[in-house]
Structures are given as structure tokens and as C-alpha cells.
Amino acid sequence: MASENTKQSESGGAKITVDPPDPPLSAQECISEQPEDPCAIVIMGATGDLTARKLIPALFNLYRNGGLPDPCMVVGCGRTKMSTEDFRDRMTKAIITEDSPDHSKWQVFVTSLHYRPIVYDDLNSFDQLAASLRNLDQKHRTRGNKIFYLALPPSLYKPVAQMLGKAGLSNERQHENGWSRLVVEKPFGRDLESAIDLDRGIHQYFTEHQIFRIDHYLAKETVQNVLMFRFANAIFEPVWNRRYIDHISITATETLGVEHRAGYYEQAGVLRDMFQNHMMQLLALTAMEPPSRFEADYVRDERIKVFRALRPFPIDSVREYLLLGQYEKGTINGEKVPAYRQEPGVNSDSLTPTFARMKIFVDNWRWQGVPFFLTSGKRLAQKITEIAIQFKEVPHSMFRRILGGDITANRLIMGIYPEEKITLTFQTKHPGARVCLRSVTMDFNYHQNSQGPVLDAYEKVLLDCMLGDQMLFWRQDGVELCWSFLTPILSECETCGYRADMLQMYESGSWGPQAAEALNVH
Ligand code: NDP
């Protein structure tokens with residue numbers, strides 16, 4: 001008999017239950033550790049999209065849920081001349097609407113926002129910033145703790161980090177435990193050489209423990225859950241290898257086009273925008289060995305071993321392992337959308353890929369011969385992020401004589417978006433007198449029996465930075481290993497004679513170029 005908590009799902013599958021149900025956690029408990037060190041968060045490029053859409057909303061949410069240290073001051077910097085009052089008004093307009101809850105909390109939070117115009121190539125301007133941070137420190141007792149968040153165009157990461165260093169802002173007050181941290185957004189370079197150059201530039205003034213290279217995918221709750229699922233259960237690890245797994249598909253598709261970021265995207269394309277960072281991190285979490293401790297460097301070491309084991313890409317037969325595409329006009333959610341080449345800011349004969357499917361292998365004992373298919377693209381039929389583990393068929397089907405045909409192999413899907421869930425597909429007997437099989441699913445919804453607030457990825461990133469926990473951030477050796485893998489592919493694709501020929505056009509709203517399926521063949 002089904003237990004009280006086990007329900008029949010609508011698709012006829014059984015639903016997994018959390019047993020016993022979790023007691024509801026309070027908002028504070030869900031925030032995990034609350035950072036104790038007071039600090040000032042200095043956002044360089046605070047007039048931009050990232051600040052208004054992600055950073056300030058994340059900080060406000062942390063504040064609402066009691067997750068910020070007290071005090072926590074935010075200083076926005078930019079070339080735009082603006083007063084602190086103007087900045088506060090601007091953030092209020094961008095974030096608070098009539099229907100927003102917690103108006104009264106915002107009124108308090110907004111008083112922690114400040115603004116300082118800055119000239120990025122003028123050391124004097126940085127000296128003035130340093131002086132104003134000292135004043136803020138004395139007034140609000142932030143104990144000299146500072147986070148510098150580079151929400152700037154990538155070309156400014158290195159010069160701005162160096163100006164901060166020259167103005168003495170990277171210095172840590174060892175004797176008072178005062179710290180200075182630098183947060184760097186993707187992209188970390190555009191190839192191996194530029195990534196090394198960027199790193200050397202930043203390292204002139206900041207040491208590795210001060211540098212937080214963000215990959216907000218890693219901070220998504222369900223992405224972190226991959227490690228919990230794999231390493232907090234005894235039953236999955238024994239089958240998590242070449243003996244039982246046929247192939248693994250990692251997918252991150254979106255319905256959005258290039259939006260207003262054509263300037264950046266034309267230079268980047270899907271491989272730099274998605275593969276060099278997010279896709280590689282999803283691959284590492286899926287393929288890594290269990291670390292001996294759940295601590296930043298132990299976990300990062302294991303992720304990096306996966307990058308080290310990537311089989312060098314067969315450049316001579318690149319088209320057998322990589323398919324690139326670009327979207328044409330089409331319809332998404334009932335709305336007509338233009339082709340990539342007709343988007344504002346895009347070259348009318350652009351060869352920038354907006355879709356890629358790549359087949360790669362991890363050359364180690366566990367994964368020898370198991371293909372990993374990485375797929376990402378814009379303007380596709382649906383926004384989906386998931387890791388699908390396709391198991392092998394049963395070695396021998398004793399049912400073949402009565403049932404004929406093949407038995408569908410097991411499949412485990414770790415859904416990250418839109419549904420945050422884990423689904424296991426397996427075979428059971430169809431009810432009734434006849435012997436026949438049917439595929440059923442067991443679904444675990446990530447939020448099942450949980451009532452606490454979930455941390456948005458940027459909230460988690462900011463929180464970890466305040467705590468000084470680098471587990472979910474890139475380490476430079478990982479950045480370089482991934483660029484070492486990807487740079488030869490990029491240079492082949494961007495310089496070869498068959499560049500235009502390689503690009504398969506696909507209709508917006510479809511699932512990408514039809515030829516992409518061919519890459520799935522072993
Ligand atoms: P924006 O293009 O909005 O630029 C941020 C600010 O930088 C601008 O408001 C502007 O401020 C300043 N700026 C822009 N161009 C120049 C220039 N040529 N020289 C000097 N200053 C300039 O960037 P976003 O806010 O969208 O992104 C910031 C960083 O975060 C980028 O590196 C991006 O790749 C990364 N990122 C962004 C994401 C997003 O969702 N937006 C997601 C993931 C990463 P002012 O003129 O006042 O100085």
C-alpha cells in the first residue's frame with residue numbers, strides 16, 4: 001500500500017516524498033551563516049544593467065531576510081555624474097513597484113546606498129575613493145572590510161583592479177582582520193592568452209584568496225544539489241560510471257535572443273558566452289570524483305581534475321564533434337522575432353554562432369568512452385537547463401521473446417530550469433493480465449516539503465563573498481585549463497576556410513539545427 005505521503009502523479013508515475021517531511025526552516029536558517037564582518041560593497045559600473053537587475057535586488061533580499069552583516073554599506077561608482085540621492089532614486093525606480101512587498105524595509109535599506117563618480121584612468125580619482133571609504137569606515141564602522149565588484153565591461157577589469165591596487169585599496173589590514181576582496185564577472189578573458197594576461201594584471205595587487213571569479217550557475221540551488229545528490233546517497237555513485245552510463249547530455253537553452261548585448265555577443269558567440277564557463281562547470285559537477293572534504297579547495301581540486309582530463313578536441317575532424325548554428329527569424333511564444341543578423345548592433349553577414357552542440361570525452365578511468373553532449377543556444381523553443389544521465393540498456397532482455405523490441409533504458413534527469421526536480425525513468429509491468437511494460441517516472445520536486453526562502457544565485461554569490469568562501473567561484477587554474485581546451489576550437493572555427501559552411505541556420509522557436517541530432521551518434 002502506498003504510504004500516506006506517496007501520491008500517484010498525474011502522468012501515472014510515483015512521486016518521491018521527503019520522509020519524514022522537513023520541518024519548515026525560518027528565513028534566517030535558510031540564509032545559512034550570516035556574515036559577521038561588517039563591510040562596504042563597492043560596485044564599479046553601478047549605473048549598468050547588472051547592478052539594477054541583479055546586484056541591488058540580491059542585496060535587498062538578503063537584507064529583508066536578515067542575511068547581511070550590520071553594517072553593510074553599498075557604494076556605487078561610475079563615470080556618470082550623479083549624487084547619492086539620484087542613485088537612490090534610480091535604484092528605487094528600477095526595483096520597487098507599487099506591488100513590491102516590504103516598502104518600509106526598502107526605505108531603510110536604501111539609506112545604505114551611496115554613490116561616487118569615478119574616472120577609471122585617473123589615479124587621483126581612486127585616491128579620493130579611498131579617502132571616502134575611510135570616512136565611511138569611520139562613520140559606520142565597517143572595520144576596513146571592502147568588496148570591489150567589477151560590474152564593468154571586461155576591457156576595464158585589469159586597469160580598474162590595478163588602479164584599486166595603486167590607491168592602496170587591495171591592502172588587507174592583517175592585524176585588525178580587515179580584508180579586501182575583488183569580484184570579477186565573466187568573461188575571464190577571450191582566449192588562453194588574454195585570460196593569463198588578465199590574471200597577471202589582477203595578481204599584481206590582489207592575491208588569489210582575495211579574488212572571487214563568479215559563475216552564477218554554480219550558485220544556483222539545484223546546481224549545488226548535484227553534489228548533494230551524488231555524494232550524500234550511497235546508491236547512485238556505484239552506477240555513476242562507464243559501466244552503467246551510456247551518455248550524458250547537459251543542456252542550457254534559452255528563448256531570448258541577443259537582446260541589447262550585441263556589442264558583447266558579436267565578439268563572444270555561444271562558445272565563449274556559455275561553454276567556457278557555465279557548461280564546463282555543469283560538466284565538472286557531473287563528472288568529478290568525491291572530494292574528501294566539503295571545503296572550498298577540496299571541491300575545486302576535484303572540479304579541476306575533470307578539466308585536466310578533457311580529451312583534446314580533434315581539430316582535424318571538428319565537424320564530427322561540434323555543430324554551430326545561428327538563429328533565423330521565427331516565432332517564440334506566439335510573437336514574431338527577427339533573425340540574429342537583423343538584431344540591432346549585429347553585422348548583417350555575421351558568422352557568430354548562437355547555438356552549439358559539442359561532443360566531448362573525459363579521459364579517465366570512470367568516464368572512458370562515455371560521450372558528454374553539451375548543448376546551448378538562443379531563441380530556441382524553450383528555456384531549459386538540465387543534466388540528463390542516460391543509462392545503458394539491460395545487458396540481456398529475458399522479456400524479448402514475449403514483448404519483442406528493446407526495453408527503454410533508465411534515464412535520470414536533474415532539472416535546473418524551469419522545473420527544479422530530479423526525475424528517474426524506469427520500467428514496470430503494466431497493470432493487467434497481459435505481460436507488458438511501461439515507462440514510469442519517479443519525480444522529486446526540489447521545493448517539496450520546504451517552505452523557506454530560496455537563495456537566488458546572486459544572493460548566494462554575494463553572501464559567500466562576504467563570508468570569504470570561494471567554493472563556488474572559479475580558481476585561475478580551472479579558467480586556464482578550460483581556455484586551453486577551448487582556444488584551439490575557437491581559433492579553428494574562427495579562421496578556417498569553411499567557417500560560413502559550418503554555421504547551420506535554424507528557425508527561432510525550433511530546437512536548433514536539424515543536423516544537431518546527428519552529433520548524438522556514438
Ligand atoms: P553595462 O554594459 O550595463 O555596463 C556597466 C557600466 O559600465 C555602465 O553603466 C557604464 O557606467 C560603464 N561603462 C560601459 N561602457 C564603458 C566604457 N566603454 N568605458 C568605461 N565605462 C563603461 O554592463 P552590465 O551591467 O550588463 O554588466 C557588467 C559586467 O557583468 C560585464 O562584464 C558583463 O559581461 C557581466 N555580466 C553581466 C550580466 C547581466 O545580466 N547584465 C550577466 C553576467 C555577466 P558609467 O558610464 O556610468 O561609467
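Whatever order the structure lists ligands and atoms in, that order sets their numbers, starting from 1. In what follows, residues are counted from 1 in the order of the sequence shown.
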Atom 7 (O) of ligand 1: any protein heavy atom closer than 4.0 Å: yes
Protein residue, atom and distance nearest to atom 41 (N) of ligand 1, heavy-atom basis: Asp49 OD2, 2.7 Å
Mutual orientation of the aromatic rings belonging to Phe109 and Phe60 [parallel < 30°, tilted 30-60°, perpendicular > 60°]: tilted
Ligand 1 to Thr47 polar contact by distance, N or O atoms, under 3.5 Å: yes
Within 45° cone and under 6.0 Å: Lys166 NZ/CZ vs Phe126 ring: no
Expected output: side-chain Thr352 to main-chain Glu266 donor-acceptor under 3.5 Å: yes
Thr375-Arg357 side chain donor-acceptor pair, cut-off 3.5 Å: yes
Numbering as shown, the atoms of ligand 1 that approach Glu185 to under 4.0 Å (heavy-atom distance): 30 (O), 35 (C), 36 (N), 43 (C), 44 (C)
Option with minimal heavy-atom separation from atom 12 (C) of ligand 1, where the choices are Pro187, Ser155, Pro153, Gly48: Pro153
Proximity of Leu150 to ligand 1 by residue part, where a heavy atom lies under 4.0 Å: neither
Check: Leu50 N/O within less than 3.5 Å of ligand 1 N/O: yes
Test item, Tyr264 contacting ligand 1 (heavy atom, 4.0 angstrom): no
Contact partition for Tyr149 relative to ligand 1, non-hydrogen atoms under 4.0 Å: neither
Closest candidate by heavy atom, reference atom 46 (O) of ligand 1, pool Glu259, His260, Arg79: Arg79
Protein residue, atom and distance nearest to atom 31 (C) of ligand 1, heavy-atom basis: Leu152 O, 3.2 Å
Parallel, tilted or perpendicular, as decided by the 30° and 60° cut-offs, for the rings of Tyr321 and Phe361: perpendicular
Under 4.0 Å to a heavy atom of Leu156 - the qualifying atoms of ligand 1, by number: 19 (N), 20 (C), 21 (N)
Lys NZ or Arg CZ of Arg213 over Phe473 ring: under 6.0 Å, within 45°: no
Distance filter under 4.0 Å to Arg261 heavy atoms, resulting ligand 1 atoms: 33 (C), 34 (O), 36 (N), 37 (C)
Distance-only polar pair, side chains of Tyr506 and Thr354, donor-acceptor under 3.5 Å: yes
Arg53-ligand 1 polar pair, N/O distance under 3.5 Å: yes
Heteroatom proximity flag, Tyr115 to ligand 1, N/O under 3.5 Å: no
Part of Lys54 with heavy atoms under 4.0 Å of ligand 1, whether side chain, backbone, both or neither: neither
Closest protein heavy atom to atom 35 (C) of ligand 1, given as residue, atom name and distance to 0.1 Å: Lys186 O, 3.6 Å
Test item: side-chain donor near acceptor, Glu420 and His447, under 3.5 Å: yes
Over 12 non-hydrogen atoms of neighbours within 6.0 angstrom of CD in Glu193: no
More than 12 heavy atoms from other groups under 6.0 Å of CZ on Arg200: no
Under 3.5 Å: N/O of Gly78 near N/O of ligand 1: no
Check: His216/Lys186 side-chain N/O donor and acceptor closer than 3.5 Å: no
Shortest protein heavy-atom distance from atom 5 (C) of ligand 1, along with the residue and atom involved: Ala151 O, 3.4 Å
Side-chain donor-acceptor contact under 3.5 Å, Ser194 with Asp191: yes
Atom CZ of Arg311: over 12 foreign heavy atoms under 6.0 Å: yes
Element-labelled atoms of ligand 1 that are located less than 4.0 Å from some non-hydrogen atom of Gly45: 5 (C), 6 (C)
Atom 2 (O) of ligand 1 protein-contacted (non-hydrogen atom, under 4.0 angstrom): no
4.0 Å heavy-atom contact, His216 with ligand 1: no
Stepwise side-chain contact (heavy atoms from CB on, under 4.5 Å) check, Leu380 with Thr255: CA-CA 5 Å; Leu380 296 174; Thr255 52; over 6 Å; no
Met44 to ligand 1, any heavy atom closer than 4.0 Å: no
